[in-house]
Each structure stands twice: as structure tokens, then as C-alpha cells.
Amino acid sequence: MSLLSRYLMRELSLFILFALIGLLGLYTFFDLIAELTDLGVGGYRLSDALIYVALRAPANAYELLPIAVLIGGIFGLSHLSGSSELTVIRASGVSLKRLLLWLCLIGAFYGVITLLLGEYIAPAGKRMANQHRLAATQSMLVGDFRSGVWIKDGKQIVNIGEMLPDLTVVNARIYEFGKTLTLDRVIEGHNGRFQSKGNWTLQKATITQFLPEHAGVVLTKPAVFNWQTSISPAMLAVLLVEPAQMSATSLLSYIDHLKRNKQKTSRYELALWGKLFYPLACLSMVLIALPFAQTQKRSSNAGVRVFIGIACGLVFHFANQIVVYLGDLYNWPPPIVVAIPTLLFLSAAGLMLWRQERR
Amino acid sequence: EKADREKQINIVAANCVMNQKTQASVCTKDVVLTQGTLSIRADKLTVRQDEAGNQYVAGNGGPVRFRQKMDGGNDWVDAEAQRFDYDGRTGILKLIDKAWVKRGEDQIHSDLITYDLNNEAYQAQSKPESGGRVNIVITPKKAPAP
Amino acid sequence: MPGTTRLLPLALVVLLGSLTWLLDRAASLPGSAVAINANQPDMLVDKATAVRFGEDGRPLSLLTATHVSHLPAGDITWLENPHLRYTAPDQPRLEVTGERAKSIKQGSEVWFPGVVKMVRSASATQAELTINGRDMRVLPQEGLASSEAPAIAVMGTYVIESVGFIADSKAETLELKSKVRMSYEPIRTR
Amino acid sequence: MLFRKSLIQEMSWVALGAFFVLLMLIMTTQIVRLLGQAAIGALASSAVWAMMGFAAVRYLPILLSLMLFFSILAVLTRLWKDHEMVIWFVSGRSIHNFIRPVLEFTLPVVILIALLSLVLSPWALEKGQEYKEKSLSRQEVTQVAPGVFRESPAADRVYFVENFSGGNGNNVFVQVRRDDKLTVILAEKGGLYLDSDGSRWLWLAKGKSYEGLPGTASYEMLEFENARLRIEAGENPRSSPSTQATSTMALWNSSLPEHKAELAWRLAIPISALILSLAAIPLAFFNPRGGRASNLLVAVFSYFFYYNCINIAQAWLSDGKVPAMLGMWPLHAAALLITLGLFAWRSKLRGH
């Protein structure tokens with residue numbers, strides 16, 4: 001990293017950091033407002049809300065980093081070109097290609113940060129935040145539906161009412177099917193605890209068994225029932241977080257589970273591919289910043305160019321999200337769906353740069 | 001006729017209640033029981049059958065009217081009474097209150113007449129306290145025409 | 001052109017006004033779907049076999065029909081070609097077959113209009129009772145079957161015709177309402 | 001009065017730009033949240049755009065206030081940076097002369113913010129919630145996607161269809177909860193459809209249904225060739241409007257601490273916007289020789305600090321820690337004092 005590229009890096013990073021703090025401030029502010037409505041629920045105090053919002057910051061950062069890189073990049077570069085340092089750098093023999101390379105390096109650096117954030121820090125932060133909030137409000141972790149979490153596992157369809165922060169489950173009901181669409185058993189357990197791989201124990205269980213050919217219904221109420229299932233607490237935890245915030249590893253294991261149970265995986269596959277391409281977004285943001293920043297200081301529309309640059313970046317980020325949703329809705333192949341917007345923007349940025357250079 | 005007892009019993013009535021536990025049927029209003037040549041008309045009739053197939057019939061009416069063909073010959077027995085009780089096992093028919101039996105030309109009136117279907121003999125008693133009269137009219141049998 | 005100094009408030013007001021108007025229009029959805037009128041069926045089933053299990057888990061009633069339709073108003077279920085088999089521990093098995101049936105109060109009372117055949121199986125103390133009649137009303141839990149129409153009952157050697165009857169499995173009685181014609185062969189033991 | 005016109009004009013352009021960027025920003029994150037909900041069927045996909053509109057109206061007051069603060073700050077900083085500020089001072093202008101144009105620029109927007117925060121936002125929240133419930137109950141027909149569990153709006157029905165072929169699902173699983181009875185239906189084929197008069201039906205072919213009270217043996221099992229179940233529109237109970245959705249008038253009349261706190265919060269937005277806009281003037285002081293963007297950082301920090309104080313004050317008010325009568329006035333008074341202090345400090349600095 002030559003002196004010049006290090007200087008460029010430091011300069012841009014300052015602006016990117018500045019943009020990130022501004023944006024993060026805005027988002028934590030919105031999160032706090034959302035939390036205020038829950039104050040007082042089960043002893044949820046203001047300090048708990050502040051901790052919860054602070055723990056969610058990494059997740060927000062993960063979502064905002066590309067935009068911050070864009071805004072920081074544009075401001076940084078236009079600041080450099082404004083003080084004509086950029087022209088000095090170009091004049092001192094740095095070809096466009098080398099400049100682009102440095103920018104790519106910077107973009108890649110932030111891409112790696114995004115990857116780290118998305119893979120470890122954000123999910124952990126989110127989980128701790130949820131756990132803290134649950135402990136504070138003594139409420140339970142419930143899945144997407146009011147009827148709790150639903151999982152299909154082989155010959156069983158399982159409904160978990162609630163999951164406590166200590167990963168034990170409450171109000172579990174398991175429908176066990178026979179061969180031709182017949183219900184063999186309904187197992188209900190007041191609470192269940194994970195024992196070892198493949199089995200849980202349910203306390204205060206009730207088993208309703210349907211004998212074949214309408215012969216009768218047998219009811220047994222064992223105090224403890226050993227429930228054989230491939231469902232693991234990790235899988236339950238996964239279900240309680242939106243796909244976008246799951247780490248790639250947990251996404252991979254869950255997709256594998258879904259495939260084994262002939263369940264639709266597109267929503268989670270899209271999230272997985274999205275996560276892989278997301279760091280690339282930082283790279284493209286930096287490259288998009290360059291064409292917009294290369295202006296003369298005095299030209300009247302300097303502000304307008306900056307504004308357009310930011311707008312384009314936002315449109316890109318917006319498009320990224322919409323495409324993922326449409327992909328899920330119309331079952332487009334995930335890799336392509338996720339790649340299109342990024343590639344489109346990279347080529348647009350390249351085109352602008354090329355046009356600018358030629359002039 | 002003795003043979004009646006083997007015959008099918010038919011009951012016609014306005015209303016009947018059969019109780020399977022006691023194998024008894026209670027019929028009321030315009031009840032007509034027929035078995036072979038025997039026919040009984042009563043307002044209320046209770047019929048019971050025991051495992052051996054003996055019929056126990058009781059009932060009342062205003063009055064109850066009996067009619068049965070005698071064995072051998074075409075003489076008929078008619079009888080009436082306010083109440084009656086027939087015990088199939090013993091074959092004894094008791095006619096109670098204002099009972100009269102008319103067989104061929106003979107007639108008998110009494111408070112209580114016991115008629116034994118086996119030997120077609122009847123016996124009349126009056127109720128002592130009521131000073132009832134027993135009035136028997138025997139008409140000699142005309143010798144059968146030569 | 002109004003003074004450019006008024007540019008910002010003007011732009012914002014226009015934006016705000018249009019956004020609110022748009023939202024109001026978009027949000028004025030017609031009420032939720034057509035109100036459910038209660039006398040329209042809310043369940044239709046073809047070739048149905050319904051088995052109800054008792055508290056002890058043993059099958060209590062089995063009802064088959066070629067077509068079943070349920071009306072929310074009055075919670076009435078109509079069945080075509082119904083066959084009811086009721087097997088309660090405290091009474092002999094009851095089987096009723098008819099052209100149509102109307103079941104109300106969750107099946108505790110079933111009305112069989114038209115031609116009906118009822119068979120109450122024999123028990124220790126009572127012979128098998130078969131009644132062919134019309135417009136029969138059955139209350140399975142109470143073991144009661146009754147009708148006001150003419151019917152022919154056969155029980156053991158008894159053959160009974162009447163207009164209207166009440167058969168009570170639990171009390172083991174059979175009341176014949178009117179126009180009774182009963183005949184039976186005395187049991188021959190000799 | 002070229003000075004006043006040019007200043008306001010530039011601020012207006014920057015404000016519009018900033019407004020668009022902030023709005024786009026909010027929309028991006030809102031869209032992610034709403035699309036997530038639509039994906040799991042908690043929100044009708046047709047309602048996503050309208051719900052975004054409602055979310056926009058809800059966040060607008062804060063956006064506008066941020067826009068004002070940012071645009072004044074940006075323009076004044078530029079003036080300092082381009083040394084134009086010095087020219088104005090030389091020609092006899094002092095820092096106080098900026099107050100009139102800034103006020104002229106800010107007041108109409110502050111009024112707009114007040115209108116939004118006191119009237120429109122609560123309306124948007126309430127209408128949004130109502131619209132969401134209505135659109136959800138109408139949307140159940142298209143909800144059963146293959147391989148995914150779906151719950152009906154009133155949460156009394158859960159569907160799972162193994163895979164789709166030709167528009168109807170194979171291996172259908174439905175759980176229906178009505179009063180305390182639970183019914184499970186399994187069928188080889190199934191699907192949802194609308195009949196002629198618009199009511200919604202779930203049809204199932206070759207299946208079995210098990211209905212009973214959980215934990216008892218008295219079940220009723222139904223085997224069928226095919227069955228059609230009409231699905232009532234989920235008339236879920238009208239959720240009581242959260243304090244944020246209750247109208248300002250209702251808040252005014254009610255004596256509940258939460259309502260007083262919400263009212264104080266709604267008033268705080270326009271007031272803080274005004275105070276912050278004024279504070280932006282001294283905060284924009286930029287010493288070209290001194291620290292580079294340090295004053296911007298201070299400004300941003302003070303903005304968020306003030307706003308978070310408002311939030312915390314609201315929390316205390318609703319807890320009753322702070323008497324409702326007092327409200328947030330002391331906070332605003334303190335902010336105003338700091339602003340005046342800043343003006344005094346700046347002009348003194350300039351005056352030596």
C-alpha cells in the first residue's frame with residue numbers, strides 16, 4: 001500500500017465513518033422510538049431499552065454500511081477533487097486503473113468488514129438484544145405466527161408455542177403421521193428440554209393415539225416423554241430471526257433441513273446468496289462514488305452531482321431489496337436474482353468512468 | 001277350544017306399551033285380543049308371556065266381553081265382566097264384578113266366576129259382603145236332532 | 001414564479017398533500033369480504049364417514065353419508081343417504097338408515113325424514129327390534145327413537161303395526177301411539 | 001436584499017436534496033421490514049406500497065426537522081469555508097443577521113412539522129393499522145404457498161401444503177382452532193378459491209379430519225372423498241389504538257401519564273426543530289484553519305443528544321417520574337439557553 005493509497009484510504013475512511021455515525025445515530029433514534037411503546041411491559045425499563053437498542057447497532061450498521069461507504073465515498077472524493085488533490089494525484093502519474101485498484105481495495109476492505117459484521121457480530125448482537133429484551137419483559141420468543149413456530153420434520157409436523165431464552169420450549173404439539181395421510185398420534189407436552197442430538201424430553205405429556213380402522217382413541221399421560229426428532233434448539237433459534245439477519249452458516253444448515261422435508265427453501269436461499277453478494281455492494285458503492293465526485297470545485301452543480309450520486313446509490317440498495325422479494329415471490333433462481341443489481345451498477349459505474357476518461 | 005292356545009295371538013288397540021324386560025304389553029282403548037276362536041274385547045289389557053310361552057292376560061272394560069268356541073261342536077261361550085284375569089299356565093280365567101257366562105243356553109251371573117278352560121268347567125262365587133246373588137240358569141240340552 | 005424563497009415549503013406541502021390524499025384513497029378499502037349469511041352452507045362434504053369416540057376412547061357413533069352440508073344458522077347438518085350406527089356401552093347397538101337426515105345440537109338429535117329403517121340389536125333381555133317407518137326422530141345418547149307416522153315393527157315373534165311409536169333402548173320399552181295391530185306366536189316349548 | 005434571498009434559496013435547494021435522500025433512506029429500510037412481513041404472510045403483498053406510504057407519513061416530522069438542521073448547517077458551513085462569511089462580516093453583517101433569514105426559511109416548515117406530528121402522523125398510524133388488518137383478511141386466498149407454513153389473519157387456521165402442481169397443493173395439512181376445539185385436516189389435494197358471491201372456500205380431496213378437545217379422548221374423525229370449508233373473513237378484534245395512534249385531541253383530554261407523555265413528545269418535534277435550526281447558525285462556525293469537520297461532528301452529536309433527551313423525557317413522563325404539568329418545557333428551555341449561549345460566544349469570538 002503506497003503512501004498515496006494509504007492517504008486516500010484514511011481520507012475516505014474519515015468521511016465513511018462520519019456518514020456511518022450519522023446514519024447509525026438516525027437509526028438508533030428510530031429504534032429507540034419504537035422501543036418506547038413497550039416501556040413498562042413486564043418491567044421493561046428505559047435502561048433495558050437503551051441496552052437493547054445498543055445491541056442492535058451492529059445489525060443496523062450491517063444494513064447501513066454500503067450506504068455509508070457510498071455517501072462517505074462521494075463526500076470524500078468530492079472533497080479531494082474540490083481541493084484539487086485528486087487532480088494532483090492523477091497528474092502525478094497515477095493512471096485511472098491504479099486509482100480504481102486502490103478504490104477497489106478500499107471497497108474490498110469495507111466489504112470484508114460487512115462480511116464480518118453480517119456473519120458474526122450482527123447475529124450475535126441481535127440474539128443478545130432479543131435475549132436481553134425477553135429477560136427484561138419476561139415475554140417469550142415467538143416465531144412469525146401467533147400460533148408459534150411450525151416445523152415439518154419427516155413424519156412429524158411440530159408446533160412450538162413459545163421458546164424461552166434458555167432454549168426450552170413451552171406448549172409443544174407434535175402431529176405424527178402414518179403412511180397414507182392418517183394421523184397416528186398427537187403428542188402434547190407442556191414444556192420440553194433438549195437432551196441430546198435427536199431427542200428431547202417433554203414434561204406433563206399427553207399422547208392421543210388413533211387406532212387404525214376407527215377402532216378407538218387411546219389416551220396416555222406420561223409424566224415424561226422422550227420425543228425423537230432431528231429438530232435442534234439452534235434450528236428453533238434460527239426460525240425466530242428474519243432470514244436477512246441469520247448468519248450464513250445457520251442459513252446453510254436450515255436450508256438443508258428444509259430440503260430434507262420437501263419444504264420451500266427459496267426465501268432462505270435468497271437470503272444466503274444475498275449475504276454472499278452483499279459485501280460486493282460496498283465495492284460497487286465506492287466505484288459509483290468516483291464518477292460523481294470528479295468535478296471541478298467551482299462548477300455550480302457540484303452539490304447536485306453529489307446529490308445524484310447519493311440518490312443512485314440509494315436506488316441501487318433499494319433495488320437490491322426489492323429484487324430479493326420478487327425472487328422469492330416468483331421463484332427466480334436465487335444466484336441470478338441477487339447478482340443482477342450489483343453487476344448492473346458496476347457496469348453503469350464503469351461506463352460513466354470510461355465516458356469521463358475519454359472526454 | 002283347547003287348540004286356540006297354540007294359535008297366533010293378535011291384538012288390536014288404540015295404544016300399546018310393550019316392556020321387553022318383563023315381556024309384558026299393556027294395551028288400552030278399544031282393545032281386541034284374538035287367539036284362534038278366542039276373542040276378548042276390553043278397554044285395557046295386559047298381556048304377559050313367560051319363558052314357557054304361557055300367556056297371562058288381565059284387563060278391564062266396561063264390560064270386558066269374551067267369546068270362544070267350545071271344543072267339539074259349534075257351541076260358543078260368551079262371557080262378560082268388569083275385570084278379568086287369565087292364567088295361561090293353569091288355564092283358569094277369573095271374571096270379576098258383574099260377571100256372567102252364557103254357554104249354549106246355560107247362563108250364570110255372579111260377582112266372581114272362575115272358568116277352567118281345560119275342562120270348560122266354571123264355578124261361581126258371590127262376594128259375601130255384598131250379598132250378591134248367584135243366579136244360575138241351566139237349560140237342558142235338547143237332544144240333537146235325530 | 002413565486003419567490004424562490006417559498007420553494008421549499010411549497011414543494012413539501014404539495015408532496016405531503018398528495019401523499020395523504022393517495023393514502024386515504026388507497027386505504028379506503030371496501031369492508032372485509034361479503035358478510036357470511038348464516039343460512040348458506042359453510043361446509044360441504046361428499047362420501048363422508050364420521051366416527052365419534054366416547055370419553056373412554058371407544059367408538060360411540062359412526063355416521064356415513066353420500067353428501068353432508070352444514071348450515072351455520074342453528075348449527076344444522078344435512079346428510080344424504082345417511083347410515084347411523086350408535087354403539088354406546090349402556091344400550092344395545094342402534095342402526096338407522098334413511099334417505100336424508102338432519103342432525104342438530106352436535107348430533108345429539110337426528111331427524112330422518114322420509115323412509116327410515118331402524119334396527120336395535122338384541123341384548124340379554126330383549127330381542128332384536130326392527131322398525132320400518134317414516135319421519136323418525138333419533139336421540140342416540142338417550143337411546144330414543146320415535147315417529148308420528150305409520151310404522152311396522154318386528155321384534156322376535158312380534159309383528160306390530162302402528163301409527164307413531166317411541167322405542168326407548170334404555171328402559172327397554174316400545175310404546176305404540178295409535179292404530180296398533182300386534183300379532184305374535186306364543187313361544188312353543190312343548 | 002440579495003443576502004436574504006440567496007441564503008434562503010440555497011438552503012431550500014439543499015433541504016430538498018437532503019429530504020429526498022433521507023426519505024429514500026427510510027423507505028429502503030421500511031421496504032425490507034414490510035417485504036419480510038409480506039413474505040411470511042403477516043402482511044398482504046398488495047398492502048406493501050400503501051403501508052410504506054403510512055410509514056413515510058409517520059417518520060416525516062423527524063425527517064423534516066433533520067432536513068432543516070442539516071440544510072442550514074451545510075449552507076452556513078459552505079459560507080464559512082468559501083470565506084463568504086468573512087465578506088458579510090466585513091460589510092457590517094453580524095451573526096445575528098442570519099437569524100431573520102433562517103427563521104423565514106424555517107418557520108413555514110416548522111408549522112408543517114407541527115401539523116404532521118400533531119394531526120397527520122397519528123392518523124397515518126391508525127389508518128395504517130386498520131388498512132393492514134382489512135387487507136390481510138381479504139388476502140387469505142392467495143396465501144397458501146407450497147412448502148411454507150401459513151397462518152390466517154385471525155391466527156385460527158394454519159396451512160401447510162407440501163408441493164404445488166397445477167395450482168392445487170398436494171399433501172395438504174390444515175389446523176383449525178375454534179373455541180377450545182382443535183381440528184387437524186390432512187388431504188391428498190387441496191386449495192383455496194373464491195365462489196361467485198365472493199366468499200372464500202378451502203377445498204380438500206381424499207382426506208381425513210380429526211376434531212377434538214386436546215388432552216381428551218372424545219375426538220370426532222371424518223373421512224371424506226372431497227370437502228369444501230368456507231373461510232370466514234378473519235374478523236379479528238379491533239386492537240385498541242396504541243397511544244401513538246390516538247388523536248391529539250383525545251390525548252389533550254385524557255389524564256393518563258402515557259397520553260400526556262405522547263402529547264409532550266408530539267409538541268417537542270416542531271419546537272426542537274425550531275430551536276435546532278437556530279442553534280445551527282452558531283454551530284456552523286467553521287474555522288478554515290482549525291479542525292476540519294470537528295464542528296459538524298459536534299453539531300450532529302448535539303442534534304441526536306437533544307432528540308434522545310426528548311425520548312428519555314417522554315419515558316420519564318409516561319412513568320410518572322416527571323409531573324405531567326411540567327412536561328418537556330424545562331428541556332426546551334435548556335436547549336434555548338444553550339443556543340443563546342452559543343450565539344453570545346460566537347459573536348464575542350467574532351467581536352474581539
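What you see below is based on every heavy atom in this structure, not just the backbone, and it leaves out hydrogens, waters and symmetry mates. Every chain is numbered from 1, with letters handed out A, B, ... down the list of sequences.
- Heavy-atom distances place no part of D:Ile111 under 4.5 Å from chain C, backbone and side chain included.
- Here D:Leu222 is the residue among D:Leu222, D:Val57, D:Leu60, D:Leu229 with the most heavy-atom pairs under 4.5 Å with chain C.
- Contacts between C:Leu63 and chain D at a heavy-atom distance below 4.5 Å are absent for every atom of the residue.
- Between atom CD of residue D:Glu220 and atom CG of residue C:Leu60 there is a gap of 10.5 Å, rounded to the nearest 0.5 Å.
- Closest non-hydrogen pair, D:Trp123 versus C:Thr20, comes out as CZ3-CG2, 3.6 Å.
- Atom CG in D:Asn226 sits 9.5 Å away from atom CG in C:Leu44 (nearest 0.5 Å).
- Of all the heavy atoms in D:Trp201 and C:Met43, the pair that sits closest is CZ3-N, 4.4 Å.
- Residue contact with chain C, scored on non-hydrogen atoms closer than 4.5 Å, involves the side chain of D:Met67 exclusively.
- Heavy-atom distances place no part of D:Leu204 under 4.5 Å from chain C, backbone and side chain included.
- Atom CE of residue D:Met221 and atom CG of residue C:Leu62 lie 9.5 Å apart, to the nearest 0.5 angstrom.
- Contact of D:Leu120 with chain C is made through the side chain alone, with heavy-atom distances under 4.5 Å.
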| request: Just do the side chain to side chain contact (heavy atoms under 4.5 Å, CB included) check on D:Arg230 and C:Gln40 with the steps written out, would you? | output: CA-CA 10 Å; D:Arg230 186 167 53 184; C:Gln40 280 287 349; 3.4 Å; yes
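- With a 4.5 Å cut-off on non-hydrogen atoms, C:Ala48 touches chain D through its backbone and its side chain both.
- Note that CD of D:Glu225 and NE2 of C:His67 are 13.5 Å apart. Values are rounded to the nearest 0.5 Å.
- Counting heavy-atom pairs closer than 4.5 Å to chain C, the top residue among D:Thr216, D:Leu64, D:Leu112, D:Val109 is D:Leu112.
- Scanning all heavy atoms of the two residues, the minimum distance from C:Leu19 to D:Ala56 falls at CD2-CB, 4.2 Å.
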